[in-house]
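Values reported hereafter were calculated over all heavy atoms of this structure, with side chains retained and with hydrogens, waters and symmetry mates removed. Proteins come first, then strands; the chains are lettered A, B, ... in the order of their sequence lines, and each starts at number 1.
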There are 2 protein chains.
Amino acid sequence: MPPAQRHPTMADVAERAGVSASTVSRTLRGLSTVSPEVRARVERAARELNFAVSRQAASLVTGKTGVVAVLTPTLNSWFIGSAVSTLGPQLRAAGMDLLVYVTPDMTERADFFERLPARRNADALLVFSFDLTEEETARLDDLQMPVIYVSQHAEGCPSVYVDDVEGARRGTQHLLNLGHRRIAFFQTIGASGFAFSSNERLVGYQQALTEAGVPLDDDLVVAAPVADKRSIAEAVGELLSLRDAPTALFAEQDELAASVIWTLRKSRIDVPERLSVLGFDDHPIAEWSDLTTIAQSPEDIGRAAGELACSLVNDPDADPAQHVILPTRLIPRGSTVPLPDGGGEMGGGAAESGA
Amino acid sequence: MPPAQRHPTMADVAERAGVSASTVSRTLRGLSTVSPEVRARVERAARELNFAVSRQAASLVTGKTGVVAVLTPTLNSWFIGSAVSTLGPQLRAAGMDLLVYVTPDMTERADFFERLPARRNADALLVFSFDLTEEETARLDDLQMPVIYVSQHAEGCPSVYVDDVEGARRGTQHLLNLGHRRIAFFQTIGASGFAFSSNERLVGYQQALTEAGVPLDDDLVVAAPVADKRSIAEAVGELLSLRDAPTALFAEQDELAASVIWTLRKSRIDVPERLSVLGFDDHPIAEWSDLTTIAQSPEDIGRAAGELACSLVNDPDADPAQHVILPTRLIPRGSTVPLPDGGGEMGGGAAESGA
DNA sequence: GTGAAAGCGCTAACAA
DNA sequence: TTGTTAGCGCTTTCAC
């Protein structure tokens with residue numbers, strides 16, 4: 001019987017089952033080279049002793065830690081929270097643990113990059129931080145382990161992200177199909193570095209307009225910080241006072257779109273009657289605000305990232321620069337309506353409503 | 001020079017610095033028994049080799065993993081996300097890593113409790129899951145490591161939570177001070193198990209009424225699931241159609257309060273003119289909705305939990321059943337106003353507005 | 001199919 | 001102040 005105040009070891013289990021430690025190890029790892037009866041004895045002994053394998057000891061000899069690390073500025077975000085919440089069970093199913101490095105400000109981040117604690121304590125790193133400097137990225141390149149970029153494209157590195165261009169294109173087409181021709185685009189400024197998606201979405205918007213033969217107009221592209229209601233109100237005001245004011249507005253994110261709607265309603269400007277508003281993300285606020293939006297699924301992204309991590313860790317000849325690009329999906333809600341005099345849906349509309 | 005495709009070990013550093021591995025170990029752990037010059041040599045060698053200590057190997061001999069684990073049903077929640085986001089840096093500062101076990105559904109949770117992977121892979125466990133069964137709690141009691149309950153009271157175990165009774169009492173007093181006498185209380189049903197807080201808040205509400213000599217009225221206490229707008233609307237409808245309808249409503253959580261406001265406004269019932277609404281939590285939606293609320297700080301809770309964990313791990317004679325009870329704070333906003341004919345603030349009001 | 005022995009990278013006790 | 005030695009709990013040859 002093992003000492004009371006200590007965790008039982010394989011030796012304890014071995015003794016109890018009347019076998020050697022090697023056999024216990026083989027049994028518990030499910031190697032088939034163990035006879036059924038011995039296996040049963042070992043499993044019973046392990047259960048009775050409440051034995052759990054020590055990752056620490058195992059990793060010392062295998063060289064694998066059984067841990068996937070996540071680097072993120074925060075967990076308090078719809079997107080990241082959802083993605084990581086999916087990631088956890090996903091990794092667990094593959095027998096891996098999830099270690100989280102939260103670096104809300106520059107101090108913590110600098111510390112992380114200086115010590116890079118992940119390097120010895122994880123088999124792979126998922127990067128949820130969007131605004132890394134070149135220097136930081138370079139540091140990660142030396143990491144001797146798979147580094148996967150989430151929700152951002154990283155040249156030469158594995159990454160997982162949604163097709164922002166295509167999503168924004170489809171969203172803009174939806175507005176075009178509703179008869180809108182003067183469509184504004186509202187960007188965010190200085191967000192926590194979603195810059196990659198931001199640009200892509202603008203590109204998709206421009207593509208759709210160009211394809212439809214609608215001229216681009218710089219006056220229709222405005223920007224403000226998501227949290228700054230004042231700037232948002234001003235930008236919206238400027239748009240509406242244009243000689244040829246927009247009849248629809250595509251906000252780069254749902255939170256921004258919701259702010260716009262809130263601003264407009266406060267000024268007694270009806271949405272969607274006076275201005276159709278389209279968002280991006282399908283953030284919970286979109287449903288609350290009855291906002292038409294282009295949905296991305298953080299859960300799918302988390303799952304894909306987890307799969308990618310596992311495959312890169314376990315399969316030595318997995319493509320080390322694999323990109324997983326996930327689709328988006330238009331969710332029509334009440335904030336976008338046909339342009340009154342414009343003629344309503346002009347084809348393609350029926351297909352969309354299935355979403 | 002160490003082989004290319006492998007992490008350098010202490011032996012590599014030792015060789016490079018011309019000392020023994022023990023000296024490297026001592027240096028890197030900051031033990032003072034190392035001469036300044038040797039220390040400098042070792043540190044330089046370690047830096048040049050890009051060396052990081054392997055927790056796995058160290059823990060094998062020290063018996064400590066350097067890891068604090070968190071058990072949570074999700075990370076996609078304002079409260080948990082904020083708390084864990086604070087916890088991360090906090091632990092990092094104490095040299096510990098943060099491991100997260102996410103168990104969104106019963107399957108994962110059953111698996112967690114069956115294997116209890118935390119037992120060999122962490123020094124302490126923070127429990128963010130609220131609705132554990134007795135059996136599960138018992139299992140955690142055997143865990144041979146500090147288990148800290150967050151946002152819930154656990155008899156005989158260390159825990160961290162806010163003073164819900166006092167918060168609700170103060171909130172109710174705020175409404176009483178505004179002249180309200182018919183004050184409804186809106187509970188949530190079958191939430192992910194915030195049952196502990198829920199009951200406490202009801203108690204605080206009742207206490208305040210009783211102290212003020214206002215009779216309790218069961219008709220004024222209603223309940224609905226947070227997400228079920230239909231039930232919420234019905235419950236509110238019933239309240240307003242009472243012969244002696246309430247003039248104020250205290251919703252147990254901000255999200256519920258926001259739903260109530262939304263419902264009322266939709267039915268053209270003015271808030272706060274017709275009904276003052278008070279929430280609890282200071283969830284971001286409270287600011288959005290201009291909701292008076294009783295704030296709790298998930299950041300403070302996370303921080304306190306981290307401190308508690310560290311002290312229990314490092315200080316063998318720390319009180320093993322310490323409770324940290326944090327205060328709440330009333331945040332007056334636009335959703336609560338004096339009762340028109342009731343006479344307005346009746347003292348104590350000035351003190352509150354400082355919040 | 002099973003056991004014995006070596007050793008993963010580190011720290012702790014002891015010796016110098 | 002520093003080096004030597006032993007060993008943490010496990011996996012992995014290699015015999016049998």
Quickly work out the B:Lys64 NZ to D:dG9 C1' distance and round it to whole Å.
17 Å
Counting only side-chain heavy atoms from C-beta out, which of D:dT2, D:dC10, D:dC8 sits nearest to B:Val61?
D:dC8
May I have the distance from A:Arg55 (atom CZ) to D:dC10 (atom C1'), rounded to whole angstrom?
13 Å
Is there a side-chain hydrogen bond (donor to acceptor under 3.5 Å, both in side chains) between B:Thr74 and B:Ser77 once you walk through the steps?
CA-CA 7 Å; B:Thr74 180; B:Ser77 126; over 6 Å; no
Between A:Arg119 (side chain) and A:Met145 (backbone), is there a donor-acceptor pair under 3.5 Å?
no
What is the distance, rounded to the nearest whole Å, between atom CZ of A:Arg29 and atom P of D:dC10?
11 Å
Kindly assign one of parallel, tilted or perpendicular to the pair B:His323 and B:Tyr161, based on the angle between their ring planes and the thresholds 30° and 60°.
perpendicular
So, B:Gln152 side chain and B:Tyr149 main chain: donor-acceptor pair closer than 3.5 Å or not?
no
Assign B:Ser22 to base, sugar-phosphate, or nothing according to its heavy-atom contacts below 4.0 angstrom with the strands shown.
base
D:dG9 P sits how many Å from A:Leu60 CG, rounded?
12 Å
Rounded to whole Å, please give me the gap between CG in A:Leu28 and P in D:dC10.
9 Å
Strictly below 4.0 Å: does B:Ser20 bring a side-chain N or O up to OP1 or OP2 of D:dT2?
no
Side-chain N,O (A:Ser54) to OP1/OP2 (D:dC8) below 4.0 Å
no
Taking the nucleotide of DNA chain D with the closest heavy atom to each, which residue, A:Arg26 or A:Ala11, is nearer the 5' end?
A:Ala11
Going by distance alone, is a donor N or O of one side chain under 3.5 Å from an acceptor N or O of the other, for A:Ser25 and A:Arg29?
yes
Can any side-chain N or O of A:Gln56 pair as donor or acceptor with the backbone N or O of B:Gly63 at less than 3.5 Å?
no
Taking atom types as modelled and ignoring hydrogens, do the side chains of B:Ser59 and B:Thr65 form a donor-acceptor contact shorter than 3.5 angstrom?
no
What are the bounds, 5' to 3', of the part of DNA chain C that sits under 4.0 Å from heavy atoms of chain B?
C:dG9 to C:dA13
Grab the CE-P distance between B:Met10 and D:dG3 for me, whole Å please.
14 Å
Is a donor-acceptor contact shorter than 3.5 angstrom present between the side chain of B:Thr23 and the base of D:dT1?
no
With a 4.0 Å cut-off on heavy atoms, is A:Arg120 in touch with a base, just the backbone sugar-phosphate, or nothing at all?
sugar-phosphate
